[in-house]
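Just so we're on the same page: letters track the sequence lines, and every chain starts at 1.
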Amino acid sequence: MNAQEALLRDKLSDYYTDIFEANLIDEIVRVGFLDKFKPGEILVDIGENMTHIPLLLNGSIKIIRQEKEGDELVLYFLEKGDTCAISFINCINRKESIFRAVVDSDTEAIFLPVEHIDDWLAKYKSWRYFIIDSYHFRLIEMVESIDGLAFMNMNQRLMKYLGDKAKVQNKQDLEITHQEIADDLNTSRVVVTRLLKQLHNDGKVYSTRNRVRVNEI
DNA sequence: ACATTAAGTGATT
DNA sequence: AATCACTTAATGT
């Protein structure tokens, strides 16, 4: 086993060794490669073809839907231990992505080339479960996202957004501007400012320039 | 000191 | 909840 493979094996141990069978880990270590990203980097854009799927090791990624230049909305976040099964199907079918994936916080991931992941589906039960599970989870998050739009007011949506973000980044202190929040929720900055002020007065958040501290999740 | 960017606010729809 | 128009505050050069 070479150094590169040993490194991947070690990286996988936190979240994946328990769920994947040993043979599968061997294969992942052989064909996968490690990559790192900084906040703001676009992993996949709408309309692009995918050639690899990621296994997130740490950090977070936000999945965004955008309609014809302009209006956009964050659907959900991916975090360590996640993959994006949607990207998986995109790989298999050679279909174009319907989402954009943007790095939210410093992220490390192992990328797997598309040609293997199809085989593994038939070959490894743990891989099958992992993909199906991921799909299920993404669906639930999508429904939550719809619920948010349909049934929640902006105040609740803001709170959920901040809570989710704090959760995936694993910290209460978020470095973010009102404008960025407004973009992610597809509302205006003025509205975010006013709602944050309310939440601040209620003691639920503590907000200063470029920074929001989430006190309650 | 000045320019730029972020945040706060009243009024209107 | 959105938009406008304007103010104030924080930060960079």
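Rounded to whole Å, atom C1' of dT3(C) lies 10 Å from atom CZ of Arg194(A). Leu196(A) places its CG atom 12 Å from the P atom of dT9(B), with the value rounded to the nearest Å. For the pair Asn201(A) CG and dT9(B) C1', the computed distance is 14 Å after rounding to whole Å. One can place CD of Gln179(A) at 15 Å from C1' of dT4(B), the figure rounded to the nearest angstrom. The NZ atom of Lys197(A) sits 17 Å away from the P atom of dA1(C) (whole-angstrom rounding). With rounding to whole Å, Leu195(A) atom CG is found 13 Å from dT9(B) atom P. Rounded to whole Å, atom C1' of dA1(C) lies 16 Å from atom CG of Leu73(A). As a whole-Å value, the separation of Asn155(A) CG from dA2(C) P is 13 Å.
In this structure, Thr187(A) reaches the dA2(C) phosphate: one of its side-chain N or O atoms is under 4.0 Å from OP1 or OP2. Proximity of His178(A) to the phosphate of dT5(B): no side-chain N or O atom is located under 4.0 Å from OP1 or OP2.
Ser207(A) comes within 4.0 angstrom of nothing in the nucleic acid, heavy atoms only. At the heavy-atom level, Ser188(A) lies under 4.0 Å from base atoms of the strands shown.
Salt-bridge formation is detected for the pair Arg211(A)/Asp173(A): a Lys NZ or Arg NE/NH1/NH2 atom is positioned less than 4.0 Å from an Asp or Glu carboxylate oxygen.
Side-chain proximity of Val191(A) to the nucleotides dT9(B), dA7(B), dA2(C) is greatest for dA2(C).
By the 30° and 60° cut-offs, the orientation of the rings of Tyr161(A) relative to Phe77(A) is tilted.
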Q.
So if I define the base as every atom that isn't primed, P, OP1 or OP2, how would nucleotides 6-13 of chain C read as a B/S/- string at a heavy-atom cutoff under 4.0 Å?
A. ---BBS--
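Of all the heavy atoms in Glu180(A) and Glu175(A), the pair that sits closest is OE1-O, 4.5 Å. For Lys167(A) against Glu79(A), the heavy-atom pair with the smallest separation is NZ-OE2, 2.9 Å. Across Met159(A) and Val214(A), no two heavy atoms sit closer than the pair CE-CG1, 4.5 Å.
Between Asp184(A) and the options Arg65(A), Arg100(A), Lys62(A), a salt bridge (charged side-chain N to carboxylate O under 4.0 Å, His left out) holds for only Lys62(A).
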(Q) What verdict does the ring-ring contact (aromatic ring centres under 6.0 Å, His included) test give for Phe20(A) and Tyr124(A), after you've listed the backbone C-alpha separation in whole Å, the side-chain angles of each residue and the deciding distance to 0.1 Å? (A) CA-CA 8 Å; Phe20(A) 292 152; Tyr124(A) 300 106; 8.9 Å; no
